[in-house]
Structure formats: C-alpha cells, structure tokens
Number of protein chains: 2
Amino acid sequence: MQIDTILMNNPVYDQSELYLRHISIDNVILGYHNKELKVLLQRPQGFNKWLLPGGYLKRTETLIDAAERIAKERTNLDNLFLKQFGAFGSPDRTKDSDFTPQKLSDISDIIIDDKHWMFDYFVSICFYTLTDFEKVQPNGDAYMEECVWWSVDNIPPMLYDHKDMINSALKTLRLHLYHYPIGYELLPKKFTLPEIHSLYETILNKELDIRNFGKKLIATGIIKKLDEKKKIGAHRSPYLYMFDDNQYKDALNKGIAIIL
Amino acid sequence: MQIDTILMNNPVYDQSELYLRHISIDNVILGYHNKELKVLLQRPQGFNKWLLPGGYLKRTETLIDAAERIAKERTNLDNLFLKQFGAFGSPDRTKDSDFTPQKLSDISDIIIDDKHWMFDYFVSICFYTLTDFEKVQPNGDAYMEECVWWSVDNIPPMLYDHKDMINSALKTLRLHLYHYPIGYELLPKKFTLPEIHSLYETILNKELDIRNFGKKLIATGIIKKLDEKKKIGAHRSPYLYMFDDNQYKDALNKGIAIIL
DNA sequence: AGAATAGTGTCTTTTAGACAATATAGG
DNA sequence: CCTATATTGTCTAAAAGACACTATTCT
C-alpha cells in the first residue's frame, strides 16, 4: 500500500505543536434574559469589525472540550451546553479586507505577513449555546478591546463569515426548539409558565398564545407543574414548573415533535 | 498585538502541501432502490474492517467541493446533493487496534510509524447524500480491495468511529425528511406516488398509509400531480407527479413541517 | 378599590388517522 | 376473466387555534 499519493510532502508530523493547524472553533453564545436575545461578540484591538469568541483545538482535546474551554474564557461559565451546528471551510473564508496581515503588523510588535499561519486556510467548527446573559460578566483579553453582548436584531459589522455563523446558529436553535427541550440549562430549576413562554416567543420571534402553549408543552410531558408558587410582588403568584428529568433526557436522545 | 501566545511554534506555514493537515472528509453515501436502503463502504487492502469513502481537503477547495470530489471518485456521479451533518474530532478517534502503523507497514512497501501524519489527530467533516444505487457502479482504487453497497440494517465491522457517522447520518436524514423535501435528486423528474411513498417508508423504516401520505404531501405543495400516467406493464397505470420547483426551493430554504 | 399579572375553559375548525371498495392495464 | 397494482373518499378522534373572563396579590 502506497500512502504518499495524497501528496503531503512530509510524512512525519510535528507533534510539538500544542494546537492543530487549520482548525478553529467558533462559538455562538446566545444570551437570553427578560425577553431579549443577545449574542456575545468581541472586537480585536485596533479593528472595527467584530468576531465570535473562538480559538484553536489542542492536540489533547476533543472538539467539544475545546468549545467548552473557549466559551469559558469569555463567560467564566462551566456547564454550558454547547451544540455543534456546522463546519465552515473555504480557501478564502478568512480573507477580509479589513483584517489583513499588513494592518495587523501595523498595530502589532511583530511582523506578520500573509504566510503567517493565522492567515492560512482554517476550517471552523461551530457551536452554539444558550445562557442567561445577566449571569455573565463577559471577559475580554489582551487582544480583544471589547467583549460585549449584542442584540441579535442588531449585529455589528462582522469579520470573515461570522455573520453567516450567527444566522446559521439561530436557524439551528429554532429547528431544535421544535424537536428538543430547550431551556433546561437556561431557566432556573423551577420556573413559571410565563417565563418559559417568553423564552420561546423570543427565540421564535413570534407570539404564541400562552393558553395553548401551556397545554401543548405540558402534553409533551417534558415539564410538570409543582405545588408551589413563586412570589413576584404585587401580583398574583404564578405556579412553578420544572423539567421532568426522565422525559427530558428521553426527548434529548430521541427527539420529540413540539408543534407550537 | 502579540500572536504567538497560542503556541504554534512556527509562524510560517508550509504552503507547498496540497492537502491540509488534520482535516478529513467522510461521506455517508446512501443508496436507495426498490425499497432498499444501502450505504457505500470500502475495505482497505489487507484489512477486514470497513471505511466510509473519505479523503482530504485541498488548499484550493471548499469543504463541499472536497466532499463532492471524494464522492465522485467512488460513484462517478456529479450533482450528488451532499449535506453536512457533523464534525467528529477527538485525539483518539483514529486509533483502532485493527488498523495500526505496524500492520500498515507490514503490508506496505514503506515504513509507517505512529508519527506518520496518517495517524495524527484528524477532525473529520461528514456529509451524507442519497442516490439511486442502481445507477452507481462503485469504484475502488489501488488501496481499497472492495467498494460495495451494504444494507443499512447489516453494517459490517467499521474502522474508527465510522459506524457512529453512519448512525448520525441516518438520524439527520430522518430529521430532514420532516422538514425538507427529500427525493428531488433521487427520484426521476417525474415519479409516481407509490414510488415516493416507498422511499419515505424505507427511510423512516415504518409503514405510512398511502392514502393519508398522498393527501398530506400534496397539501404541502411541494409535489404536484401531472396529467400523465406511467406505463408499468400489466397493471393500472399510475399518475405521474413532479416537484414544484418554486415550492421546493422555498421549502429547502425555509424548511417546512411535514407530519407523516 | 385599583393595578398588574396569572390562571383557566370552551368552542370551532382543522388535521390526523383508521379504514376498503373500485378502477385500470395487460395477459 | 384474472392478476396485480393504483386510485379514491368518508368517518371519527384528536389537536390546533381562537378567544375572554376570573383569580390573586399587593398597594
């Protein structure tokens, strides 16, 4: 069996590198709170276009490990439930006239030319997650001038194909909403029907009759009503609900149909 | 801005390589014909486990270009409508006690040790497609002793995580069946209701009442009845149907709900 | 009493789902 | 006429969808 027909010149790879070449991870970290859906974006020092929080894959990590590590760097949250939604790869996806080796060199203390690995072909594996943005204090780092939440209805100019990634993540989230229980990681353990109702309305960006919504969601069995109420001040106290763990896990594995 | 904190030792990449390191493409090529669903698998020379048709990504290609090229190598078909369904990556996913550098060297004319790039960490981007297996004469090559169709109900021992990939592809196909029009690329331009009905039954692996099936599928608008019949021999001639191009494209973009 | 929010039930329309007899083509 | 296959419609049950009044809590 001859192997080298595939034309990689050097049959021995360099294991000394910590990260794998050509592979990046980008996370669409969606934040929900109080009927608002936002996405966490960062802006590199000296540029005026934005990026998704991303990074590279270590030799010792699985894809999901890397995505979790990268998400944690910006949110400080563990246990984000990240879901892969696509890989993006084309020879020119990391070409952007607003982010060039020249410009980077200008504001950097080292010379970076277009042979630098940073400007090589990268395939990006993308994940999305949903969290409560009020619980997150976004962390930038030395190279990111800003790291903040943006409304998904008002995305700033993005570098590369990161805008496509956001759109793709939202599309996937909306599809998943109809087939998997969403909100387990996002809502408090015990939540009210109006709370989960608002969440679904916000994600789908459309109104859902709360009476019918409640009937249908309870009919799936994934949430159950408790014998407790939540105190919310000068108003009638709403009942609390929680996810049924067994039904929830089952639904995650097998998928369900939730017609809202 | 300092870049090398990410610890890739050599900032300049080697552009002379035709393929990108660490990235592979694997295709789950599903074949349907006459109520049978099969998958195209290949067996490397001298081994008794099977692989999906796969390959590497050229510097000049997009992911989908590569997937199409690789699919064509085995099927000779252009215009396969390949859909990405996932990326698989973990440090040990290409470790398999039945496919080792030692065994490969034994049957090869070159020395391959575990530092060979072939045994490095690869992230595989996976695509699936659906075609008519009767139209395909599978092509092996010098390194693949066999390349044949296997029933999806009877998958032989697979190398690496390729069995997982098949399962994941089938799961995705079944999900897509409920949200996107399936069969456009597979069925002849004009097809009969019994034909598309059998296709759906086979993919979902369950019976669907043909009367209700027809009503519902026509109600979605993606197929329309023609004023022609197909001659099928000594039986009543079935009407022909075809996809409505506009509705089809629309459904592909936006997705639809097909409750069967 | 008033303001704000939650909770609940019924009716109508639509859809799902079960079900079997008739029509056609060719031999 | 026989065989094999295709076509078609109705009924019932379930679900979707529209809709509005009452209940609670606190000030």
Side-chain angles (χ1 to χ4, degrees), chain A residues 33-36 174 177-179 183 187-188 190-202 204-242 251 255-260, chain B residues 33-36 174 177-179 183 187-188 190-202 204-242 251 255-260:
Chain A
H33 192 86
N34 202 229
K35 309 191 184 184
E36 278 187 291
R174 287 172 183 143
L177 201 63
Y178 291 112
H179 291 281
L187 294 167
K190 297 175 179 180
F191 51 86
T192 70
L193 202 52
E195 282 168 349
I196 194 170
H197 173 245
S198 293
L199 169 65
Y200 274 63
E201 280 195 334
T202 304
L204 293 178
N205 196 27
K206 69 176 182 189
E207 287 190 9
L208 302 167
D209 184 294
I210 193 170
R211 290 164 290 192
N212 297 332
F213 174 85
K215 275 186 283 186
K216 281 186 271 189
L217 202 58
I218 291 165
T220 66
I222 56 172
I223 67 169
K224 57 189 183 194
K225 190 175 181 173
L226 302 177
D227 241 351
E228 285 177 80
K229 294 185 175 195
K230 182 178 183 176
K231 289 256 180 291
I232 54 163
H235 312 295
R236 178 168 181 177
S237 306
Y239 280 98
L240 287 166
Y241 290 77
M242 61 184 296
I256 48 177
I258 306 172
I259 309 297
L260 305 168
Chain B
H33 191 87
N34 201 228
K35 309 190 184 185
E36 279 187 290
R174 287 173 183 143
L177 202 64
Y178 291 111
H179 292 281
L187 295 166
K190 297 175 180 178
F191 51 87
T192 70
L193 201 53
E195 283 168 349
I196 195 171
H197 173 245
S198 293
L199 169 65
Y200 274 63
E201 280 195 336
T202 304
L204 293 178
N205 196 26
K206 70 176 180 187
E207 287 191 9
L208 302 169
D209 184 294
I210 192 170
R211 290 165 290 190
N212 297 332
F213 174 84
K215 274 186 285 188
K216 281 186 273 189
L217 202 57
I218 291 165
T220 66
I222 57 172
I223 68 169
K224 58 189 181 193
K225 189 175 182 174
L226 302 177
D227 241 350
E228 285 177 80
K229 294 187 174 194
K230 181 177 182 178
K231 290 255 180 291
I232 54 162
H235 311 295
R236 179 171 181 177
S237 305
Y239 281 97
L240 287 166
Y241 291 76
M242 62 186 293
I256 49 178
I258 306 172
I259 309 296
L260 304 169

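Quick caveat, the model's predicted, so the values are computed rather than measured. So that the names make sense, note that chain A is the first sequence line, chain B the second, and so on, each numbered from 1.
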Side-chain contact check for Tyr239(B): nearest option of dA16(C), dT7(D), dG7(C) is dT7(D)

Between Tyr178(B) and Leu260(B), is there a side-chain heavy-atom distance shorter than 4.5 Å?
yes

Toward the 5' end of DNA chain D, by each residue's nearest nucleotide, His235(B) or Tyr241(B)
His235(B)

Sugar-phosphate, base or nothing in reach of Lys225(B), heavy atoms under 4.0 Å:
sugar-phosphate

Backbone of Gly214(B) reached by a side-chain donor or acceptor of His197(B) within 3.5 Å
no

For His179(B) and Ile256(B), indicate whether the former's side chain and the latter's backbone hold a donor-acceptor pair under 3.5 Å.
yes

Send over the distance from Ile259(B) CD1 to dT14(C) C1', rounded to a whole Å.
14 Å

To the nearest Å, give me how far apart CG (Leu226(A)) and P (dG7(C)) are.
12 Å

Could you state the atom-to-atom distance from NZ of Lys206(A) to P of dA16(D) in whole Å?
13 Å

Per atom distances to the Lys231(A) side chain, the nearest of dC26(D), dT8(D), dA4(C) is dC26(D)

Using a cut-off of strictly less than 4.0 Å between a heavy atom of the residue and any atom of DNA chain C, enumerate the qualifying residues of residues 207-220 of chain A by number.
Arg211(A), Lys215(A)

Round to the nearest Å and state the distance from Leu193(B) atom CG to dG9(D) atom P.
14 Å

Tell me the interatomic distance from Glu228(B), atom CD, to dA25(C), atom P, rounded to whole angstroms.
15 Å

Value in whole Å for how far the C1' atom of dA6(D) lies from CG of Leu240(B):
12 Å

How long is the line joining CD1 of Ile258(B) and P of dG17(C), in whole Å?
14 Å

I'd like to know if Arg236(B) reaches the base of dA6(D) with its side chain, counting only an N/O donor and acceptor under 3.5 Å.
yes

Evaluation steps, side-chain contact (heavy atoms from CB on, under 4.5 Å), between Met242(A) and Leu226(A)
CA-CA 7 Å; Met242(A) 61 184 296; Leu226(A) 302 177; 3.8 Å; yes

Picking from dC26(D), dT5(D), dT7(D), which would you name as closest to the side chain of Pro238(B)?
dT7(D)

Output the rounded distance in Å from CD1 (Ile232(A)) to P (dT27(D)).
12 Å

Could you grab the distance from atom CD1 of Ile223(A) to atom CG of Leu240(A), nearest 0.5 Å is fine?
11.5 Å

Hey, could you give me the CD1/CG distance between Ile259(A) and Asn212(A), rounded to the nearest 0.5 Å?
13.5 Å

So does Lys229(B) have more than 12 non-hydrogen atoms from other groups sitting under 6.0 Å from NZ?
yes

